[in-house]
Amino acid sequence: MAGARASVLVDALRAAAIAGGLAFPIVALRAEPDFSNKLVLEPRWSWMFAAMALAFLVRLASAFLPRRAAPAAARPRDEAAARRRGRAFAVFGLGVIFAWPFLVLVVAGPSGALKWIDNYGVQILIYVMLGWGLNIVVGLAGLLDLGYVAFYAVGAYAYALLATHYDLSFWLCLPIAGILAAFWGVLLGFPVLRLRGDYLAIVTLAFGEIIRIVLVNFSTLTNGDAGIGNFATITFFGVPFNASEGGFAAVFGLDHSPVYRLVFLYYLILALALVTNLATLRLRRLPIGRAWEALREDEIACRSLGLDTTKVKLTAFALGAMFGGFAGAFFAVRQDFVSPSSFNFIESATILAIVVLGGRGSQIGVAAAAVAIIGGSELLRELDVLKRFLGSEFDPTQYRMLLVGLAMVLMMNWRPRGFVATRAPTIALGERRAIGGDLVREGRG
Amino acid sequence: MEVFLQQLINGLTLGSIYGLIAIGYTMVFGIIGMVNFAHGDVFMLSTFIALILFLALKQFLGIDSLAVSFVVVMVASMALTGLWNAMIERFAYRRLRGSFRLAPLISAIGMSIFLSNFAYVAQGPRNKSAPPMLTDVIKLTEGGAYDVTLSYKQILIVVVTATLLAAFWFVVQKTSLGRAQRACEQDAKMAALLGVDVNRTIAATFVIGAALAAVAGVLYMVYYGVVNANDGFVPGVKAFTAAVLGGIGSIPGAVLGGLLIGLIETFWSAYFSADYKDVAAFSILAVTLIFMPSGLLGRPEVEKV
Amino acid sequence: MSARAPFLRIEKMSMRFGGLTAVDNVSFEVSRGDIAALIGPNGAGKTTVFNCITGFYKPTSGRISMAPDGALPDPAAIDALTRSGRRHRDGLYLLERMPDHEIARAARVARTFQNIRLFAGMTALENLVVAQHQPLMRASGWSLLGLAGAPSFRHAERAAVARARDWLARIDLLARADDPAGALPYGDQRRLEIARAMCLGPQLLCLDEPAAGLNPRESADLNRLLRAIRDEFGVSILLIEHDMSVVMEISDHVVVLDYGRKIADGKPEHVRADPSVIAAYLGVPDEEVAAAEREIGA
């Protein structure tokens, strides 16, 4: 017994030593330029010792805590009740989402509401839509696309350029942006879709980066890094959102405020996202949607059943791209500015993280993950007050991607199918029962 | 002619660095069939470790001799980066070996995001400029339109790369570790039954891959003199391109691919467009994977039905 | 038996992987209404032959001609099609020129796999509906009519479900229609995979070791199912099997492979007595068998 205890201690000390080794140069010593721009090391040994102590304690605790028992066999749940609860929750959630701008207007007033509608409303809904769009490709068809942001960029630039050069309205540009993005989806998808899953991921990443680099360097068209701005002409069915005589506020006898445009944008992106969702739910129950899921389950079996897997993949790729294009056009009109820096790999990775963490194939899971990740990073921004205690160098938003990356690793190890792991059948003779995540496969890979 | 010769020298230097990183990709792919997406960020981490150790030797121990600090930094960076990669393998990938094929890739993408932001948080967003070292050059041609130079740094990079590759080749070909690695590549289950410690062999593969990336990291820090938390992604993708071009799973292929990518990049920049030099690498990656997935020296893969 | 005309002909087919010759110059025929068995020791190249017929591998050389809806025409007509460079003409198909999914769809060859390949996360019913993708896709107007909820699509979908339900009833899985395929017992999965292949509406059904891992009762059920498939649906069957009781009981025609070569071809009772077959299974060289036979005066 004493020997066992000693070995636990040795083990914990070893964990502390490893943590120390990991933290030693990069955490313990920070290189900062001094006044003559020469790098000088600022020791922060306390950080390293904190990491070591943490590793020691965690290791010690894990030795004394009882091992988690093997998960008990799934209890027969009252599925009907669970579904009723789920439906009630969905109705409540939709209610809150529809009423959100008015709720915050009432609570925070027109000027205080701006941030809440924009950062916590529009921003999150864009990612919900992007997540749903990518979910078709990754979640249903099982194709890992690391360059999804390329189609978002195609949509955004399509609108920006058409509006700048031809003065086209948003409503005309929206479908064009979607079609162009779908076209690019087919163009890029066609040569790569017969690749193995992990190669496909890397090639889509390469395409995404190529498109970004071209946007940066093809300045005669895109104006390079400086981007394109001041083109957005979103109107309330012909009524502009400005302070003029014929502006929205004047026409409706209201005081001029930027909040009306924002509320309009909120409902616009909400409508776009819901269209994406409804289309996906509908497509899932059509032969094409079943073919996507069958493809994710087993590509070889699909081919033996006469499915042209390249075509099946292309439709998923093109449709996902199309919704990305719609979202891009919306992004452009909302920002009234587009530049290549909005379309880097981190953006693709964030959207992928939303789909992976939410649960591939699950619409509600993806939406919840978008709220958690995007809302969470907005909340981190609020933590700026901590600067007072941790020094002005402390930037809480830096921790956002750190946490997202960590969450992806943990989720893969702990619950590889994401929060909502079950799959709902698309057709049933009797009652539709959810299928456990352990049976659902994840693409041939 | 002068431009050509100069670009040849520059390309081989850059290619040596890519080749060293590419080995890490190719070995991990060979042994567990996984695209180790985070490897570029492990390389980036090693550039930071190298820079800080280099500064620390000077600031805290007052060591001024370049040769001494170079050797100390090299050895310590290899060890510390190896430790990092061993822990990454242990906590991010090991449990996913039996999982679906994309699971370790997604985990590695998460790890890549984590590592670059970890360096960003720990060391700040700004570029860190290392003090200049080994600035002497040898003029190879003079009097022409353009002096062709060979810097001491470039000699150092090529010599160190060649030496370490030779040592590494010895390990893989002649030692029991190399034998265990090849056994695990063929059939991990059978290797385990025959008494090979599979976990340990895979961990060792990660450590060796990271150690070679750390060599590349030290050389990169010496050559460019600047490190940044974002500098893992693009060199990582280029080194992966090198591994794919050479034939993923093949170690000589990784070195060959690294040199080719280095040469292509420098010549592309010199003769075509420096703005689009990353496009060249990304295009080669896409084209190789689409048309020649087994690369130059790799074995073709037969789909199991 | 003579009424049964050949409708699939494999001629001088070889398949090499690098230096390894998995199938070496193999020729045989399958006649309409036959249950043909492909047997041979492990590694004899049986599955490779399957993969070549179903298009998963492209044979290194040789010709595979098939007339799904009739009988093969005379060799001159097949040669003419070969020379024309086309894939098919007048209901005659050259399978070695076609991609796998086209062989399944146009030449109507369905198959199962040695290691069952069901869509494990989809229900048994969904598995059978996916197999009816082609007609459903057409009925859904490439998804546009389907999105609009057109009655013609609803009708087609009901028909597909009815067909699936029929097959589920036939393989005794109606009660488990809404369970995920991956949760079914092994024997049920084997039968479900056969039913899924049948939902494709094939003329030729290729089964890769359908009886592997089945207990004797399940094995007997399988024999009944296969006979029903032939007799009721007029579908010919080509199967790979190790279980000799299955082979001898149900097959009309047996082809034996050894080391990639065909060593015997004929009726089961004829093949069973063939010394080279015995030698292949017992691992004795042909000359020794011949010598032994001389000694005992056989």
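These numbers come from a predicted model, not from an experiment. Every chain is numbered from 1, with letters handed out A, B, ... down the list of sequences.
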Interatomic spacing from OH in Y199(A) to CD1 in I290(B) - rounded to 0.5 Å: 13.0 Å

Residue among T81(B), V244(B), L96(B), L105(B) with most heavy-atom pairs under 4.5 Å to chain A: L96(B)

Check: F240(B) and L205(A) side chains under 4.5 Å, non-hydrogen atoms: no

Atom pair CZ (R296(A)) and CZ (F100(B)), whose distance is rounded to the nearest 0.5 Å: 10.5 Å

Residue of the set I109(B), L102(B), I106(B) for which side chain to side chain contact (heavy atoms under 4.5 Å, CB included) holds with V356(A): I106(B)

Please list, one pair per line, the donor and acceptor atoms closer than 3.5 Å that link side chains of residues 38-54 of chain B to other protein atoms, with sequence neighbours excluded.
{"residue": "H39(B)", "atom": "NE2", "partner": "I21(B)", "partner atom": "O", "Å": "3.2"}
{"residue": "D41(B)", "atom": "OD2", "partner": "S112(B)", "partner atom": "OG", "Å": "2.7"}
{"residue": "S46(B)", "atom": "OG", "partner": "F43(B)", "partner atom": "O", "Å": "2.6"}
{"residue": "T47(B)", "atom": "OG1", "partner": "M44(B)", "partner atom": "O", "Å": "2.5"}

Heavy atoms of other groups near F60(B) CZ, more than 12 under 6.0 Å: yes

Shortest non-hydrogen contact between A56(B) and L29(A), atoms and distance: CB-CD1, 4.3 Å

L352(A) versus chain B, the contacting section by heavy-atom distance below 4.5 Å: side chain

Side-chain touch E209(A)/D278(B), heavy atoms, less than 4.5 angstrom: no

Engaged part of M87(B) at the chain A interface, taking heavy atoms whose separation is under 4.5 Å: side chain

Residue pair F207(A) / A286(B): nearest heavy atoms and the distance that separates them: CE2-CB, 3.9 Å

Side-chain heavy atoms of R126(B) within contact of E32(A), under 4.5 Å: yes

Selection from S304(A), A349(A), P191(A) maximising heavy-atom pairs under 4.5 Å formed with chain B: P191(A)

CZ-CG distance between F91(B) and L410(A), expressed to the nearest 0.5 angstrom: 11.0 Å

Where L80(B) and P25(A) come nearest, the two heavy atoms and their spacing: CD1-CG, 3.8 Å

Interchain contact, A201(A) with chain B, by part (heavy-atom threshold 4.5 Å): side chain

Partner chain B: residue of V203(A), N217(A), I346(A), V192(A) with the largest heavy-atom pair count (under 4.5 Å): N217(A)

Contact winner vs chain A - A103(B), A281(B), A86(B), heavy-atom pairs under 4.5 Å: A103(B)

Main-chain N/O of I26(A) paired to Q123(B) side chain as donor or acceptor, under 3.5 Å: yes

Y276(B) vs V214(A) side-chain heavy atoms within contact, under 4.5 Å: yes

Contact origin within V216(A) toward chain B - heavy atom pairs under 4.5 Å: neither

Heavy-atom donor-acceptor pair, D198(A) side chain to V35(B) backbone, under 3.5 Å: no

Aromatic ring pairing F345(A)/F37(B), orientation class (parallel under 30°, perpendicular over 60°, tilted between): tilted

Greatest number of heavy atom pairs closer than 4.5 Å to chain A - which of A108(B), A92(B), S99(B): A92(B)

Chain A contact via P293(B) - side chain, backbone, both or neither, heavy atoms under 4.5 Å: both

Residues of residues 402-409 of chain A near chain B, each having a heavy atom less than 4.5 Å away: L402(A), G405(A), L406(A), M408(A), V409(A)

Nearest-0.5 Å distance, OH of residue Y120(B) to CE of residue M401(A): 12.0 Å

Side chain, backbone, both or neither of I18(A) within contact of chain B (heavy atoms, under 4.5 Å): both

Over 12 foreign heavy atoms within 6.0 Å of CH2, W184(A): no

Any donor-acceptor N/O pair, Q59(B) side chain to L41(A) backbone, under 3.5 Å: yes

Residue V237(B) versus chain A: region with a heavy atom under 4.5 Å: side chain

Straight-line distance of N413(A) CG to S107(B) OG, nearest 0.5 Å: 5.0 Å

Contact origin within R44(A) toward chain B - heavy atom pairs under 4.5 Å: side chain

Contact winner vs chain B - T204(A), I213(A), L39(A), heavy-atom pairs under 4.5 Å: L39(A)

More than 12 heavy atoms from other groups under 6.0 Å of CZ on R415(A): yes

Nearest heavy-atom neighbours spanning A206(A) and L285(B): CB-CD2, 4.1 Å

From N344(A) atom CG to N230(B) atom CG, the distance as rounded to the nearest 0.5 Å: 9.0 Å

Other residues, nucleotides, ligands: >12 heavy atoms within 6.0 Å of R94(B) CZ: yes

Chi angles and distances behind the side-chain contact (heavy atoms from CB on, under 4.5 Å) call for F118(B), L22(A): CA-CA 12 Å; F118(B) 171 74; L22(A) 296 181; over 6 Å; no

Proximal component of I248(B), with respect to chain A [non-hydrogen, under 4.5 Å]: side chain

